[in-house]
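Note sheet for the following structure.
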Amino acid sequence: MTDQEGGNSKRDKRRSHLGRWIARVVMCLLLCAVAGGIAVVVTLWPRTQTFYTDARTINESAQTARVRDILWQPPTDPDLPLDPALHDSEPRLSPDGTMLYFVRGEAGEGADLYTCTRTSTGWTEPTPLTAINTDFDEMGPEPSPDGSALYFYSDRPGGEGGYDLWVSHVQDVEGGSVFGKPINLGPGVNSDYNEYGPSMSRDGASLYFSSNRKAKPTLEQEVVLNDEGGLRAIERIEQDYDLYVTEQSAGTFSGAKAVAALNSDRNEGAPCTSPLGDFIYFASDRESGRGGFDLYRARLFDEGPGTPTPLGPTINSPADELDPRLTMGGYTLYFRTNRSDGDTLAKSAGLRLQKTTSREVFVRSEMTSAKIDWAALWKQIGPNVIGALIALFVLLVLLRMMKNWQGKKLSLLARCLMVSFALHLLALILFNLWEVRGVLASRFARGGPIQVALAAPADGQDIFSQIRGEFTNIAAPAAPQVETTAQPTPPSVKPEA
């Protein structure tokens, strides 16, 4: 091998060694790139995180959060200066809790707004809001969050028709402040149908209310007597109330629109936003309720209300629950109901105000043992037991006598009488034992008897007891000529007695 060939061989070895190192470096870089890509993908891959939130400031992981359980107390009579004999209703407290607004009187009979003040010695005497009241109805007071205005609904002249929403602003005068002349919220909010139950959001930007503006006359007509004794035909109006919301811009409300997330094919009304602005409460007779009108609530998100849920059996019943209003930061709830006191299945003659407070609860287990009232039990089964024992004793004596008379000749009639007497004694024993078994089963059986209550369906009118109007349901003979007239204002539901 020449020197030149030896040099070429060394260069080839160095090149081969360098190539292997370059390949190794490239392979390492590729592996690092793949690993980095996998790490980036794993880091950016969407993951589900569960946390508790109030949709505003609270966002705590479900793994570390300690959640408290809240339940409503059984409803009781409220501690407000309201007089049921004067038909006081719809209480509304100012945001600071020092002023109470309410309605005195019945719908359709010139109901007025009243107010009283909380002092260190109690509530002052109620005084009418003379600057707002008229000979017509003024109802549903709703103070603004800053106390600078009072919203209400009324059927006074000057509106769009039916019941409209109005507002009275507080004006400073010498010696204090007074409510100014009421102003109609205008056609951007009101319609020629009924609007009622105003409720303002916490920030004062949104105003919720209920209206039947989507009501349409049905094809069915009804012939009734008019004042002159003649006949006329009226169209029935479907009283389907829904919830609406209007936004405030530059001090003016406009662009009212239906709240689709809360409305159903039945009636929704009496909306109420919580003092903290996180929930909206309302009444509805939708089919998912317990019967009649029930109270529901839905959480308010930035994008709108969530899914409504009922307040539960402590508040809702097969009767009607209406007109929810919250105080004490949303922990105390006032509402009206017509269920009889102590009986959630029965309806009373009228609506009465109730109060309930939400409280934090905990789980506690207790071991209890059954107690038997032996005196009462013996009073029920004692006569049957004694009767069965006497009948058994007589039967045994009779069987003994029949055994002793086997060698004697008895007539057929005597034998039939003996057998009949024995069978009657046996039946008497069985009947007494059956009665005892029934009493014991009713007292010690785990499942009680099934009770079925039949009730007429809700008429769907109680929620509109504050809306004046009448339906005429008097049938009349057919007339050869029927004059069809349209009502200028759609009829609303007549308050129940």
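By convention here, the first residue in the shown sequence is residue 1. The figures here come from the full heavy-atom set of this structure, side chains too, leaving out hydrogens, waters and symmetry mates.
- Ion pairing of Arg297 with Asp278 is absent here, as no side-chain N (NZ or NE/NH1/NH2) approaches a carboxylate O to less than 4.0 Å.
- Side-chain contact check for Leu311 versus Leu333: some heavy-atom pair is nearer than 4.5 Å.
- Ile70 has its side chain out of reach of Tyr331: every pair of non-hydrogen atoms, C-beta onward, lies at least 4.5 Å apart.
- To the nearest 0.5 angstrom, Glu142 atom CD is 7.5 Å from Met200 atom CE.
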Subject >> Working for side chain to side chain contact (heavy atoms under 4.5 Å, CB included), residues Asp88 and Leu80 >> reply: CA-CA 10 Å; Asp88 294 345; Leu80 297 177; over 6 Å; no
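- In terms of modelled atom types and a separation under 3.5 Å, the side chain of Thr124 and the main chain of Thr117 share a donor-acceptor contact.
- Rounding to the nearest 0.5 Å gives a distance of 13.5 Å between NZ of Lys181 and CD1 of Ile132.
- Checked for salt-bridge contact, Arg156 and Glu138 meet the test: a charged N lies under 4.0 Å from a carboxylate O.
- Between Tyr101 and Phe179, the angle of the ring planes goes over 60°, which puts this pair in the perpendicular group of the 30/60° scheme.
- The CD1 atom of Ile315 sits 11.5 Å away from atom CZ of Arg290, with the distance rounded to the nearest 0.5 Å.
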**OP:** Would you check, one step at a time, whether the test side chain to side chain contact (heavy atoms under 4.5 Å, CB included) holds for Lys355 with Thr357?
**Re:** CA-CA 7 Å; Lys355 169 189 174 183; Thr357 303; 4.2 Å; yes
Original post:
Yes or no on side chain to side chain donor-acceptor pair (under 3.5 Å) for Ser254 and Thr252, after CA distance, side-chain angles and deciding distance?
Top reply: CA-CA 7 Å; Ser254 61; Thr252 302; over 6 Å; no
**OP:** Could you please spell out the steps behind the side chain to side chain contact (heavy atoms under 4.5 Å, CB included) verdict for Asn267 and Phe293?
**Re:** CA-CA 9 Å; Asn267 295 291; Phe293 282 89; 4.0 Å; yes
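- The CE atom of Met139 sits 9.5 Å away from atom CG of Asp155, with the distance rounded to the nearest 0.5 Å.
- The main-chain N or O of Ile280 is never found under 3.5 Å from a side-chain atom of Thr273 such that the two would form a donor-acceptor pair.
- Here the side chain of Thr53 pairs a donor or acceptor atom with the backbone of Ile58 at under 3.5 angstrom.
- Side chain to side chain, Glu160 and Ser191 fail the donor-acceptor criterion of an N or O pair below 3.5 Å.
- For the pair Arg202 and Pro145, the minimum side-chain heavy-atom distance is 4.5 Å or more.
- Taking the six-membered ring for Trp and the full ring otherwise, Tyr241 and Tyr196 have centroids separated by under 6.0 Å.
- Within the 4.5 Å cutoff, the side chain of Phe253 has no heavy atoms near those of the Val167 side chain.
- Contact detail for Pro91 and Arg325: the closest heavy-atom pair is O-CG, 3.9 Å.
- Screening Val170, Thr115, Leu113 for a side-chain contact (heavy atoms from CB on, under 4.5 Å) involving Leu150 leaves a single residue, Leu113.
- The environment of Glu303 atom CD is dense: over 12 non-hydrogen atoms of other residues, nucleotides or ligands sit within 6.0 angstrom.
- Within 6.0 Å of the CZ atom in Phe301, the count of heavy atoms belonging to other residues, nucleotides or ligands exceeds 12.
- Atom-to-atom distance recorded for Asp112:CG and Asp135:CG is 8.5 Å, nearest 0.5 angstrom.
- Heavy atoms only, all atoms of each residue included: Tyr296 and Ser288 are closest at OH-OG, 3.5 Å.
- Looking only at side-chain heavy atoms (C-beta outward), Thr50 and Gln63 stay at 4.5 Å or farther from each other.
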**OP:** Evaluate side chain to side chain contact (heavy atoms under 4.5 Å, CB included) for Leu322 paired with Thr337, printing each intermediate quantity in order.
**Re:** CA-CA 6 Å; Leu322 308 164; Thr337 181; over 6 Å; no
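- Minimum interatomic distance between Tyr334 and Pro78 (heavy atoms only, all atoms of both residues): CE2-CB, 3.6 Å.
- Classification of the Trp72-Tyr281 ring pair by plane angle, with boundaries at 30° and 60°, yields perpendicular.
- When all heavy atoms of Ala319 and Asp294 are compared, the closest pair comes out as O-OD1, 4.3 Å.
- Within 6.0 Å of CG in Asp96 there are more than 12 heavy atoms belonging to other residues, nucleotides or ligands.
- More than 12 heavy atoms of other residues, nucleotides or ligands shown are found within 6.0 angstrom of CZ on Phe279.
- Of all the heavy atoms in Thr98 and Trp123, the pair that sits closest is O-CZ3, 3.9 Å.
- At least one donor-acceptor pair under 3.5 Å links the side chain of Gln248 to the backbone N or O of Gly204.
- Residue Leu93 comes nearest to Pro143 through the heavy atom pair O-CG, 3.9 Å, listed as atom of the first residue, atom of the second, then distance.
- Here the CG atom belonging to Asn263 is positioned 7.0 Å from the OH atom belonging to Tyr244, to the nearest 0.5 angstrom.
- Here the side chain of Asp137 pairs a donor or acceptor atom with the backbone of Gly110 at under 3.5 angstrom.
- At a cut-off of 3.5 Å, with distance as the only test, a side-chain donor of Glu268 or Ser284 sits close to an acceptor on the other residue.
- Counting heavy atoms of neighbouring residues, nucleotides and ligands inside a 6.0 Å radius, atom CD of Gln49 does not exceed 12 of them.
- Contact of the Thr246 side chain with the Leu165 side chain is not registered, since no non-hydrogen atoms from C-beta on lie closer than 4.5 Å.
- Considering only heavy atoms from C-beta on, Phe152 stays 4.5 Å or farther from Val103 through its side chain.
- A salt bridge is absent between Arg336 and Glu90; no separation between the charged side-chain nitrogens and carboxylate oxygens falls under 4.0 Å.
- Between Arg359 and Leu71 there is no side-chain heavy-atom pair separated by less than 4.5 Å.
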Original post:
Between Arg66 and Glu60, is a salt bridge (charged side-chain N to carboxylate O under 4.0 Å, His left out) present by the stated rule, with each step listed?
Top reply: CA-CA 9 Å; Arg66 301 189 63 180; Glu60 189 168 349; over 6 Å; no
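- Using a 4.0 Å cut-off between charged nitrogen and carboxylate oxygen, Glu195 and Arg213 count as a salt-bridge pair.
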